[in-house]
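Everything numeric in this text was worked out from a predicted model, so none of it was measured.
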Amino acid sequence: MEKTGRAIIFVPNTNNEKFYSIKRTKIKNGNKNIYYTIPGGHLEDKESYEEATLREIKEELGIDIKIKEELISLFNEDLKRQETFFIADYISGEIGTGDGEEWSGNDEKYGKYEIVELEIKNLNRYNLLPIEVKNLLI
């Protein structure tokens, strides 16, 4: 079973009203599918959820974070994976300097990735996945 760790990182100086998300755009059979995810990714080797989250955030966003607390852990039935979501603080680094494979330019495999800031008050406008996390943030 796959396992992932993900972090909700509030944008500094926004009173926790905005957080970083990954906008994903995939095109399959000519159809465009746009959705938003919480940054993070798969556990490697014997990593804990926390260790994987720290590594993945560095790879995807280019920043260092400090995990504050676990928000929710759930089993994603569609993807057949256990996902743990944390609330984390932005510590240092520059958003957009990540060097993970998502940024390889292989849009056919991964789709287009874009780091965006989402406002909590406007979350109903976005297809943020998973819905359980979106509902907790609203």
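In terms of hydrophobic clustering, with Ile, Leu, Val, Met, Phe, Trp and Tyr side chains grouped at heavy-atom distances under 4.5 Å, Tyr90 and Leu54 are assigned to a common cluster. Val116 and Tyr20 are not part of a single hydrophobic cluster, where members link through side-chain heavy atoms under 4.5 Å apart. In the hydrophobic cluster analysis, where Ile, Leu, Val, Met, Phe, Trp and Tyr join through side-chain heavy atoms closer than 4.5 angstrom, Ile72 is grouped together with Ile138. Using a 4.5 Å cut-off between side-chain heavy atoms of Ile, Leu, Val, Met, Phe, Trp and Tyr, with links allowed through other members, Ile95 and Phe19 fall into different hydrophobic clusters. If you chain together hydrophobic residues whose side chains sit under 4.5 Å apart, Leu129 and Phe85 never meet in one group.
Rounded to the nearest 0.5 Å, atoms CG (Leu136) and CG (Leu71) are 5.0 Å apart. With rounding to the nearest 0.5 angstrom, the CD atom of Glu132 is 9.0 Å from the CD atom of Glu83. The CD atom of Glu60 sits 9.5 Å away from atom CZ of Arg55, with the distance rounded to the nearest 0.5 Å. Atom NZ of Lys134 sits about 6.5 Å away from atom CG of Leu123, to the nearest 0.5 Å. Distance check: Glu51 CD to Lys46 NZ gives 12.0 Å after rounding to the nearest 0.5 Å. One distance of note links CD1 of Ile38 with CD1 of Ile22; it measures 9.5 Å at 0.5 Å rounding.
Contact check for Phe10 versus Ile87: side-chain heavy atoms found under the 4.5 Å cut-off. No side-chain heavy atom of Tyr113 sits less than 4.5 Å from a side-chain heavy atom of Lys23. Residues Ser73 and Gln82 are in side-chain contact: their nearest non-hydrogen atoms beyond the backbone lie under 4.5 Å apart. Within the 4.5 Å cutoff, no side-chain heavy atoms of Lys3 are placed close to those of Glu47.
No donor-acceptor pair under 3.5 Å is formed between the side chain of Lys68 and the backbone N or O of Asp89. A donor-acceptor pair under 3.5 Å is formed between the side chain of Ser21 and the backbone N or O of Thr37. Using a distance-only test at 3.5 Å, with no hydrogens or angles considered, a donor-acceptor pair links the side chain of Asn76 to the main chain of Asp78.
Smallest separation of non-hydrogen atoms from Ile63 and Gly93: CG2-C, 3.8 Å. Arg6 and Gly41 get closest at one heavy-atom pair: NH1-N, 4.2 Å. The heavy-atom pair separating Leu137 from Leu128 by the smallest distance is CD1-CD2, 4.2 Å. Minimum heavy-atom separation, Ile65 to Ala88: CD1-CB, 3.7 Å. Annotation for Gly40 and Ile57: closest pair N-CD1, 4.0 Å, computed over non-hydrogen atoms. Closest heavy-atom contact between Leu79 and Glu2: O-OE2, 4.5 Å.
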What do the steps show when you test Phe75 against Met1 for side chain to side chain contact (heavy atoms under 4.5 Å, CB included), and what is the final call? CA-CA 10 Å; Phe75 183 74; Met1 172 178 64; 3.5 Å; yes
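Ring geometry, Tyr36 versus Tyr126: the interplanar angle exceeds 60°, so the pair is classed perpendicular (tilted spans 30 to 60°).
Heavy-atom contacts from other residues, nucleotides or ligands closer than 6.0 Å to NZ of Lys80 number more than 12. Enclosure of atom NZ in Lys58 by more than 12 non-hydrogen atoms of other residues, nucleotides or ligands within 6.0 angstrom is indicated. The neighbour count for Glu94 CD, taken as heavy atoms of other residues, nucleotides or ligands under 6.0 Å away, does not exceed 12.
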